[in-house]
Amino acid sequence: MVEKTNTNPLGPGYENVPGKEMRFRDIFRDTLRAEMIRDENVFLMGEDISGGFDKKTKEPLDAWGGPFAATKGLVQEFGPKRIRDAPISEAAFTGAAVGAALTGLRPIVDLMYFDFVTVAYDQLLSNAAKSRYMFGGQTKVPMTLFARSGAGTGHAAQHSESFYSMLAHIPGLKVVVPSDPYSAKGLLAASIRDDDPVFLVNDKKLINLSGFVPDEDYTIELGKGRYLRNGNDITLVGMSYTSIVCKEAAEKLAADGISCDVIDMMSLSPFDEDILIESIKKTNNVVIVDEDTPRASMASEFAAVIADKGFDYLDSPIRRVTSPHSPVPYNRDLEKAFMPQPEDVVYSVKQVLGL
Amino acid sequence: MVEKTNTNPLGPGYENVPGKEMRFRDIFRDTLRAEMIRDENVFLMGEDISGGFDKKTKEPLDAWGGPFAATKGLVQEFGPKRIRDAPISEAAFTGAAVGAALTGLRPIVDLMYFDFVTVAYDQLLSNAAKSRYMFGGQTKVPMTLFARSGAGTGHAAQHSESFYSMLAHIPGLKVVVPSDPYSAKGLLAASIRDDDPVFLVNDKKLINLSGFVPDEDYTIELGKGRYLRNGNDITLVGMSYTSIVCKEAAEKLAADGISCDVIDMMSLSPFDEDILIESIKKTNNVVIVDEDTPRASMASEFAAVIADKGFDYLDSPIRRVTSPHSPVPYNRDLEKAFMPQPEDVVYSVKQVLGL
Amino acid sequence: MTIPKTKLKWIYETMYRIRRFEETMLEQTFKGNAMGVTHPSDGQEAPPTGICAHLTNDDWIGSTHRGHGHCIAKGLDTSAMMAEIMGRSTGQCGGKGGSMHIADFSKGMLGANAIVGASIPLAVGAALTAKYKGDETNSIGVSFFGDGATSQGILHESMNLASVWKLPVIFACENNGYAEATPAWYAVSTEDIASRAEGYGMPGIVVDGMDVFEVYDAAGEAVKRARAGEGPTLIEMKTYRYHGHFHADDTKKYRTDEEEKLFHQKDPIINFEKRVISQKLMTKTELESIKSEIEKEMLVAVEFAMNSPMPDIKDLYKDVYVEYSNSIEGLR
Amino acid sequence: MTIPKTKLKWIYETMYRIRRFEETMLEQTFKGNAMGVTHPSDGQEAPPTGICAHLTNDDWIGSTHRGHGHCIAKGLDTSAMMAEIMGRSTGQCGGKGGSMHIADFSKGMLGANAIVGASIPLAVGAALTAKYKGDETNSIGVSFFGDGATSQGILHESMNLASVWKLPVIFACENNGYAEATPAWYAVSTEDIASRAEGYGMPGIVVDGMDVFEVYDAAGEAVKRARAGEGPTLIEMKTYRYHGHFHADDTKKYRTDEEEKLFHQKDPIINFEKRVISQKLMTKTELESIKSEIEKEMLVAVEFAMNSPMPDIKDLYKDVYVEYSNSIEGLR
Ligand SMILES: Cc1ncc(C[n+]2csc(CCOP(=O)(O)OP(=O)(O)O)c2C)c(N)n1
Ligand SMILES: Cc1ncc(C[n+]2csc(CCOP(=O)(O)OP(=O)(O)O)c2C)c(N)n1
Ligand SMILES: [Mg+2]
Ligand SMILES: [Mg+2]
């Protein structure tokens, strides 16, 4: 099984961990499978997650195997009881997942495109997130939701959202944003095992990327960020796909002699205040990069935390590099201009540093 | 009609304006009425906005006259064509309002409690806010929505939301938050006359408060804040009911010799960056007060803007005073502890100023 | 169906407990002892009672803003309910929920819910758990909702989903003719809500929701169907709320005296009494003794609630998540 | 209903235009000239054509992700449509919308919509405007949606609302048997979706959606009803999409050859041709000349689109709001 040992910077302790290079989509599916084996109360629902049924036998055909083939093959192994194809009723099946979670199961909901969270919004906000608190801690809601976010695939305004900040705003809900296969495995496993409702936001641009994944069973603690690169001149804060954008920007900046700390937040709610402040103490400068639109966003939140708790260490204004306050356009060139690019980050870093 | 001239600090030019003391709820209804007279394409829909029907005559009874009596008496004057009672279908009638706005009317939607926006969320975000942009500017969506927000009335977790930051996050939507009868009239009229979709968030705690209202027909430009008080030591930023909290805090602080600029943002999207920076240039210190929960909130947004564009003028960390990251509790004492109080603001101001 | 004597007693006791709880609760609300808005369900005793008579603690119900009757019929403790309405730490939800959010997971009660229609899929989810876990308990889910809630899309989605997945769930519509002040004849585009069931491949039954015997019979069939794995049923119960939409609502503004009188003549409790006495199923003494027990219970409930402490302010930060984290405390 | 000759020609022309547009569009998609995902509607020509045959530019339609047929039937320009799909500045929405968001407000086309079910209330709102403005135009709204969309609560809410307000609207369900790969027999809990209409106090009609004459007749009745102020109608048209859910979807994985063949035998265009020729309503030459006109039109459309410029990058910031504000430009 072990194809090669770690070449990726997963941090100290991971230098000699057995693992292999895998695509995001493959480790995502493998992790779903592992968690379903691990706990028989874990099951999945969503539209076309097996996809198609034989009219005569009534058996699932696994024609789609889920949006982006996230669940391909699972219905053969676990059957339609645990891979439940649902009608196009996101509100009802998200609500049913809350009901199932309240009564002893651990449902996973595939919401397909992140944009569709809006039709299930009330069940998420009023029931999933609030039940434990408003019922005085009598119960818990151990459910996981995931969906594909982000621009860059020509899906236009209604299939390209990155509005995870709205979910992170909701008390009672947790939100995680993997940025590579390693974090996908660790965060998905941790989310499924967590006793609170967790939303995993999966940028489409990551799905076909590869990266190193340790073979061992591991989880990544919800609420923890990590360094993707260490430097001294400025801190770049990324989340989801913009962590990759930050890494690329850091490479370009290195060529100009500017060394960057690159932080991948990984979790948006709860999130890692400590890593932000720790890095700013060292670099004294920061640029936050977010594909979500800017107003009341996670970029704003990180800026606000730093402007309070990190104020004394700052040498320069806190700059955000985000999408414009606009829906996502269809045309490829406009869409590219919409998304924060490494060049935008480089430009802002130089501005902030007065270079 | 003129009962007394202006005693309230509406700013220069308003010293001798004829007007009178009015309750928020009364000027709100009067403004709806005035706008319906002004433009026959303006009409209202919502649940129980006339309320009750005679079984025999099928005529509306105006038994409720709308939630918090916001529309009391209007159905007698304008009839059920323009005061349209709707079934409990917020998604459908918000969507119908978008359709009506796209085809030449100017609908106003009363969503009752702000919390219910979640069941209509998709129509608001995917249709109302995006139609103009994604159809390439072919059309416009001149609709207004309003609903009652805020804790403080014992309505508990599902009837006390202040999550206006989530709406302000949405590109294409505008969001306004009056804080007194004066701003209610000016912002409501401006919202109804505006050609974009505008959400007016009305804190319940304001509804029975009184304040000076000029008699003249006026609007308040969307996106502009105002000073409620002038001082030199620190800037207090409020929005909706927290503008009142800031004013009260400023009074207490004045007794301790601390003089505050108090800014009432009035609009959250777009919002007034200039007034924030202008004030910080003078005071060099800021506390932002928000009843919305903290993460990715408008408090975060204002902090982020100041931490970038106002960075060079700041002498101290940017402090936010917000509700906890928690649903709203029922018990009165807990509920009071949930909401930012003037004492909390005073405490934070002294901390920030090192006093 | 013939009803066993113990069940018959339970039914009377439950209906009377609901009636007196609501009256007592209203009294307390008007005295200023409730902390928020309350929605009384007196008049509507038959639906929760007739349905829950067939359920055990392993079965689950979802409820509404008008949830006290459902709670009581599902066996919740009236003292803990009263304390909750008074916002006390001893309340069913520690004072965090209030009248519109009473839940008891140990009794299979998924919570009153203040968003119209929002609890409907929760009962569907509970039924899914039941089916998923199979024979362990053979339990079912019941979703209570009003005529007004039928205008929410979530009902439609939930009925379709339950039918597609063939889940053991009952959609229990308490059609009391009004949603706030809006009459059902205005806002609901069909005479009988139950007529919509056919479009979802499930039986739809209309019963007199003022007659607990009718409700009991219909519910018995639906519960049997559900437990036998035959899928969901929609039961529409035509009923009436004696009081206003919420404690301070004046029904005179939108309901006629004749109509109110008509329904009072169908009073579920009085007609139950008449019937069991005339059919010699229970004696007047039995009824009286139940009543006086309940009167005592109400005194105890109020006493308990009034003497209970308020929650600790530190509890504000508890139970947002399973594990406490100081990052929720907000920014002060 | 007998169909006037000019209308008959229009119907043929429209169906053939839809067919050839989709085929041409797919070709271009596979060449990499479309910028995103496209959902072809060939096979489903009869529903939009048979319904829009009764409409004018003053009537409004709402559409779906599979919206090209609706656009064409409502009179949109195929060159502007093709340019939109290719993301050009000359496109129907200036390249901002793409295949799933083509709209033309000058033609009464409220937009394709990529959220399943989301456009349904828009047509209801347009019907509300029509009723509000009264006799000015006597126009109506038509909402097109698929079998999959019937599982969205918004349909239910919209039908109830339209019925309560008695609005001039037609709910036009194109039941092509599938939502992505999910068959309607699995996800829709009723044989005939139209059977749900009764529960909303409106007529529900099932027609063969492969037969434009049947669609035309049913739509004629519904349009008459709507214009006469008699309220909404639900029409279910059983139809079939010849291609996959989206351009790259392989139907072989979830549909049988027999089934596909069966529907190809019902081809709306071929059967129209047979019928008008056998009934001597149109000649072969007439049909051929229409076809060759449309072949030319398609060449022109592709040519136009391919030669059109891309939008200016500055347009990224345009039209978020009616008035431009630099505060939308975001933070760089
Ligand atoms: C989504 C939503 N919309 C509106 C309301 C306000 N509201 C509370 S109860 C109610 C009427 C409900 O009527 P019905 O379902 O018939 O129940 P009843 O009050 O008659 O028991 C309304 C409109 C709400 N709580 N939630
Ligand atoms: C709210 C929502 N959920 C899911 C999707 C993904 N999706 C797009 S089309 C589709 C199937 C729609 O089926 P149907 O309504 O029958 O239309 P058809 O594709 O057959 O024309 C789905 C599930 C979506 N776009 N919106
Ligand atoms: Mg009711
Ligand atoms: Mg379909």
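Chain A is the first sequence line, chain B the second, and so forth, proteins listed ahead of strands; every chain is numbered from 1.
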- Residues two or more places apart in sequence or in another chain: which of them pass salt bridge (Lys or Arg N to Asp or Glu O under 4.0 Å) with C:D315? none
- Greatest number of heavy atom pairs closer than 4.5 Å to chain C - which of B:K58, B:E335, B:E47: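 When all of B:K58, B:E335, B:E47 are compared, B:K58 has the most.
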- Validation row, ring centre B:H155 to ring centre C:H101 under 6.0 Å: no
- May I ask you to check whether C:Y178 and C:Y254 place their ring centres under 6.0 Å from each other?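 For C:Y254 and C:Y178, the ring centres are under 6.0 Å apart.
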- Answer yes when C:D257 and C:K252 have at least one side-chain N-carboxylate O distance shorter than 4.0 Å, and no when they do not.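 Answer for the salt bridge query: yes.
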- Looking at C:K318 and C:D312, does any basic side-chain N land under 4.0 Å from a carboxylate oxygen? no
- Query: For C:M35, is it the side chain, the backbone, both or neither that has a heavy atom under 4.5 Å from a heavy atom of chain B?
  - Reply: both
- What part of C:V37 gets closer than 4.5 Å to chain B, counting heavy atoms only: side chain, backbone, both or neither? both
- Query: Does B:K205 count as lying over the ring of B:Y241, i.e. NZ or CZ under 6.0 Å from the six-ring centre, within 45 degrees of the axis?
  - Reply: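 Yes - B:K205 lies over the ring of B:Y241, closer than 6.0 Å to its centre and within 45° of its axis.
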- Query: Restricting to pairs with a member in residues 236-246 of chain C, which pass salt bridge (Lys or Arg N to Asp or Glu O under 4.0 Å), not counting sequence neighbours?
  - Reply: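 The answer is C:D192-C:K238, C:E236-C:K238.
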- Query: What pairs of residues pass the salt bridge (Lys or Arg N to Asp or Glu O under 4.0 Å) test when at least one of them lies in residues 111-124 of chain B, not counting sequence neighbours?
  - Reply: none
- Task: Considering only heavy atoms and a distance below 4.5 Å, find which of C:G117, C:A187, C:G97 pairs most often with chain B.
- Result: C:G97
- Query: When only pairs under 4.5 Å are counted, which of C:R88, C:H245, C:K314, C:R255 shares the most heavy-atom pairs with chain B?
  - Reply: C:H245
So for [X], is it side chain, backbone, both, or neither that comes closer than 4.5 Å to the heavy atoms of chain C?
| X | answer |
| --- | --- |
| B:S326 | both |
| B:L334 | both |
| B:D54 | backbone |
| B:V119 | side chain |

- Message: Non-hydrogen contacts under 4.5 angstrom with chain B: give the residues of residues 25-34 of chain C involved, or none if there are none.
- Response: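 Listed by number, the contacting residues are C:G32, C:A34.
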- Task: Go through the steps for B:L314 and B:N285 under the test side-chain contact (heavy atoms from CB on, under 4.5 Å), then give the verdict.
- Result: CA-CA 6 Å; B:L314 282 174; B:N285 298 290; over 6 Å; no
- Query: Would you call the rings of B:F116 and B:H159 parallel, tilted or perpendicular if under 30° counts as parallel and over 60° as perpendicular?
  - Reply: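 Answer is perpendicular, since the angle exceeds 60°.
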